[in-house]
Amino acid sequence: MFDPNRVCFFDTTLRDGEQAAGVNLNSAEKLQIAKQLEKMRVDVIEAGFPAASPGDFKCVQDIAREIKQISVCGLARTREGDIRAAAQALTQAEFPRLHVFIATSPIHMEHKLKLTQDEVLAEIRFGVSLARSLVQEVEFSGEDASRSDPDFLIKAFKVAVEAGATILNIPDTVGYATPEEFYLFCREVILGVEAKEGVIFSVHAHNDLGLAAANSLAAIRAGVRQVEGTINGMGERGGNSAIEEVVMALKTRADFYGVTVNLDTKKLYPVSRLVARLSGVAVPPNKAVVGSNAFAHEAGIHQHGVMAKRETYEIMRAEDVGCTPAVMVLGKHSGRHAFRARVESLGYNLDEVQLTKAFEIFKRLCDEKKETTDADIETIIADEIFAVTPEFHYELKDYTVHVGSGLAAAAVSLILNNQELKDAATGNGPVDAAYLAIKRIIKIEPKVESYRVVAATDRSDALGEAQVVLSYKGLQAQGRGASTDVIKASVKAYVNAVNRLYSVAAARGESLNGLNGKAAKA
Ligand code: KIV
Ligand code: ZN
């Protein structure tokens, strides 16, 4: 039943979030995230933009097939091809939603679309009607709404409703709005549309000025009842509105907002970690709600206050966002039971075989290090348990490096289809030399877009985690590798990224070079 006080959450991590520079999630990773979002009870998952590529189409289709409790949405421009592709990708969804958008601001209409207002209205009528003839539920967005003339946006929304849209989205596409102004803008538009019961207004805020959550909340005050956002605020430029921030503001300040939500906030922290790990976009320690320091008290006065009465310095409880406040040190004397509890508290559901494998690796690591941390455990799970298996899968067998005062030399041997492939190269430093040796083996030349090594903990004996982003033929993939030896971590990350490049290519129905594994063996 329609509840005018209920605020719905529309998660676009897999569509707008994935548009963040350098992020490329494969279909298995997207499905893994979608399943956790479903468990967290977001109301809608925007799974992708099916017309964008065969890979995007497949992701939406896979998610539509698997996710049965909540709505699955596909994005489309007002073009016929986009709308038919989105509708087709959503065929197996239990609750499909087609999201049609076109820009409504003067700057976009004149310079990007080169359409007059009347032409844009005709596009909306056409696109929304077609979408509605194919899919039961249609959302319409006026892109760059916040810089649109409110009277024109009202007209556009009226046309969308007449054509069958029941969700009207007000995006602050470029993060230009400020809360007070946006409240008035949304209010004016909502009142002006005079929509019939059952039509919901939505907000979609970007974070260019760091105001996305504040603007989303202002819109809710104005009567909006759907918030679009992403986990960790991931997205283009400054990102999108962070779902965890908006929902925790609504819950913590329920006295002020007086609205209800269905989202299970206890899943926020595990989902945040999952998204950070798979996307490679780290969460800053001071990030609101899900940062590693969000519930940490350093100052003695604060610690004293919290010990005396928690609410002196805590407005939310760590447990309410699924974060464990007590830090328990796990080490080589810890049993499987304690290990399982820690793994579960980090948000992983490993089956017995996966747990046994992770536990064995963990025990070996305990022999190498004095103390292990959650970050070490997460790195083991990401690297060793959830690693995707691409069609062409290289494994690192061995490597050696020699570093002199000038050039460094490296020899690497990889396994492909049970066959050992070796080569050697010189380079500027050991990592560069090893990467050149790998390129000689795999016979393709991916470009390193970014490379960084981070200590999984702040101790000198920490696992080093290397992250490398490779690009090749317009595709990008990120690889990770962990080891207490940073050169080994870097080599593992590169091999992992190469494997994932093959996965990305396969997911998109593309071939990297026609050489694939066969030529590499020659
Ligand atoms: O930011 C934006 O305007 C969008 C639309 C497609 C909703 O992402
Ligand atoms: Zn957006």
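Hydrogens, waters and symmetry mates play no part in the numbers below; they use all other heavy atoms, side chains included. Indexing begins at 1, ligand by ligand and atom by atom, following the structure's order.
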of all protein heavy atoms, closest to atom 4 (C) of ligand 1 is H204 NE2, 3.5 Å
For D16, the ligand 1 atoms whose distance to one of its heavy atoms is below 4.0 Å: 8 (O)
Between D151 and K155, does any NZ, NE, NH1 or NH2 come within less than 4.0 Å of an OD or OE carboxylate oxygen? no
Does one side chain, of S202 or N169, offer a donor that lies under 3.5 Å from an acceptor on the other? yes
Around the Zn ion (ligand 2), how many protein N, O or S atoms are found at less than 2.8 Å? 3
With I70, the side chain to side chain contact (heavy atoms under 4.5 Å, CB included) member among V42, V44, D11: V42
Please state which option from I102, T173, N240, T12 has its nearest heavy atom closest to atom 2 (C) of ligand 1. T173
Examine the side chains of S272 and N232 and answer whether a donor and an acceptor come within less than 3.5 Å of each other. yes
Would you say the side chains of R15 and Q19 form a donor-acceptor pair under 3.5 Å? yes
How does R15 reach ligand 1, if at all, at less than 4.0 Å between non-hydrogen atoms: by side chain, backbone, both, or neither? side chain
Any idea how Y494 and Y435 line up, ring-wise: parallel (<30°), tilted (30 to 60°), or perpendicular (>60°)? tilted
Ring of F185, cation from R147 - is the NZ or CZ under 6.0 Å from the centre and inside 45° of the axis? no
Examine the side chains of D144 and S105 and answer whether a donor and an acceptor come within less than 3.5 Å of each other. yes
Which ligand 1 atoms are under 4.0 Å away from a heavy-atom of E143? 3 (O)
Pairing donors with acceptors under 3.5 angstrom, does anything connect the side chains of E228 and T12? no
Relative to the heavy atoms of H206, which atoms of ligand 1 are at a distance of less than 4.0 Å? 1 (O)
I'd like to know if E228 contacts ligand 1, where contact means a heavy-atom distance under 4.0 Å to any ligand atom. no
